[in-house]
Amino acid sequence: DVVMTQTPVSLSLAIGQPASISCKSSQSLLGTSGKTFLNWILQRPGQSPKRLIYQVSKLYSEVPDRFSGSGSETEFTLKISRVEAEDLGVYYCWQGTHFPQTFGGGTKLELK
Amino acid sequence: EVQLVESGGGLVQPGRSLKLSCAASGFTFSNYGMAWVCQAPTKGLEWVASISTGGGNTYYRDSVKGRFTISRDNAKNTLYLQMDSLRSEDTATYYCASYGGYWGQGVMVTVSS
């Protein structure tokens, strides 16, 4: 199975500060289609997960452009240019290239 | 508005069965692969099973193979998860998710005697 390793486990930031979350996979997520199925999702406290980014760097239409995703093969990064209060919660990376699909362990973003 | 609404959860004894449903609306359900994802209390997310757009291809995590069956009815815009031979370790909130990125609100399954 592909192991997804997220770091850090937690982040404590003030509003307006930048954030960066790393996600590393134990094998390449580049699929035979030429696409890389690496997603980022956010789970706010007490809520179900919400979509943020798909295929490494593509933002869903409702996601603010302070979010960005980058990376390739086995190393990926989610960045928030300036953290806002609504950004708190747990961020997960999720690979859909290989079965079984697997999630990272999560990164908890707290506000300082 | 896109909605995925799960139902069918509850308290069940070990070894018994449960069938979850996920009613989809607001998007063309038949165009998207679908998945079930679970989250044990205070834990992270765990993929359970996926199904292709037409239902012809299904995939499962090892721990549920032979016990869980994912299926869909595109005429009814509904995704299902038949859960048999339930174990205490299956206790979790189960979310349905579309490969277009939408998630349901989740349904709790508790397996306990």
Side-chain angles (χ1 to χ4, degrees), chain A residues 1-10 21 23 25 29 31-33 35-63 67 69 78 89-109, chain B residues 1-7 9 20 22-24 26-27 31-53 56-68 70 79 92-109:
Chain A
D1 298 1
V2 178
V3 177
M4 304 295 287
T5 303
Q6 274 186 247
T7 54
V9 172
S10 64
I21 299 171
C23 177
S25 58
L29 299 186
T32 55
S33 62
K35 296 180 180 179
T36 301
F37 296 101
L38 186 282
N39 309 299
W40 290 97
I41 57 177
L42 166 61
Q43 188 172 31
R44 297 188 177 102
Q47 295 187 18
S48 63
K50 297 288 191 286
R51 63 184 194 175
L52 291 177
I53 289 172
Y54 65 103
Q55 288 179 34
V56 180
S57 60
K58 300 179 182 180
L59 266 64
Y60 285 101
S61 56
E62 71 278 8
V63 177
F67 288 89
L78 173 70
V90 181
Y91 291 81
Y92 294 94
C93 57
W94 171 20
Q95 70 83 15
T97 300
H98 304 287
F99 286 105
Q101 297 188 3
T102 45
F103 289 85
T107 296
K108 187 174 185 178
L109 174 58
Chain B
E1 179 194 6
V2 171
Q3 282 198 310
L4 292 171
V5 180
E6 300 96 336
S7 60
L20 305 183
C22 171
F27 68 105
N31 285 354
Y32 291 92
M34 297 291 295
W36 287 97
V37 174
C38 71
Q39 186 170 37
T42 73
K43 300 296 185 184
L45 299 169
E46 192 170 72
W47 173 80
V48 175
S50 292
I51 189 168
S52 59
T53 54
N57 294 303
T58 57
Y59 309 88
Y60 300 91
R61 65 180 298 107
D62 283 349
S63 63
V64 308
K65 277 181 188 174
R67 300 190 299 123
F68 290 9
I70 188 172
L79 176 72
T93 296
Y94 286 76
Y95 297 100
C96 70
S98 78
Y99 282 111
Y102 297 107
W103 292 72
Q105 85 287 352
V107 63
M108 185 68 199
V109 172

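Every chain is numbered from 1, with letters handed out A, B, ... down the list of sequences.
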Let me know if [X] has heavy atoms under 4.5 Å from chain A in its side chain, its backbone, both or neither.
{"X": "B:E46", "value": "backbone"}
{"X": "B:S50", "value": "side chain"}
{"X": "B:V48", "value": "neither"}

A:T97 (side chain) donor-acceptor with A:F37 (main chain) under 3.5 angstrom: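 Answer holds: yes.
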Check: A:L38 main-chain N/O paired with A:T36 side-chain donor or acceptor under 3.5 Å: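 No.
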Tell me, side chain or backbone of [X] under 4.5 Å from chain B's heavy atoms, or both, or neither?
{"X": "A:Q43", "result": "side chain"}
{"X": "A:Y54", "result": "neither"}
{"X": "A:I41", "result": "side chain"}

Aromatic ring proximity B:Y59/B:W47, centre distance under 6.0 Å: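 Centroid distance B:Y59-B:W47: not below 6.0 Å, so no.
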Option in A:K50, A:Q47, A:R51 with maximal non-hydrogen atom pairs under 4.5 Å from chain B: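 Option with the top pair count is A:R51.
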Minimum side-chain heavy-atom gap A:S25-A:Q95 below 4.5 Å: no
Aromatic plane relationship, A:Y92 with A:F103 - under 30° parallel, 30 to 60° tilted, over 60° perpendicular: perpendicular
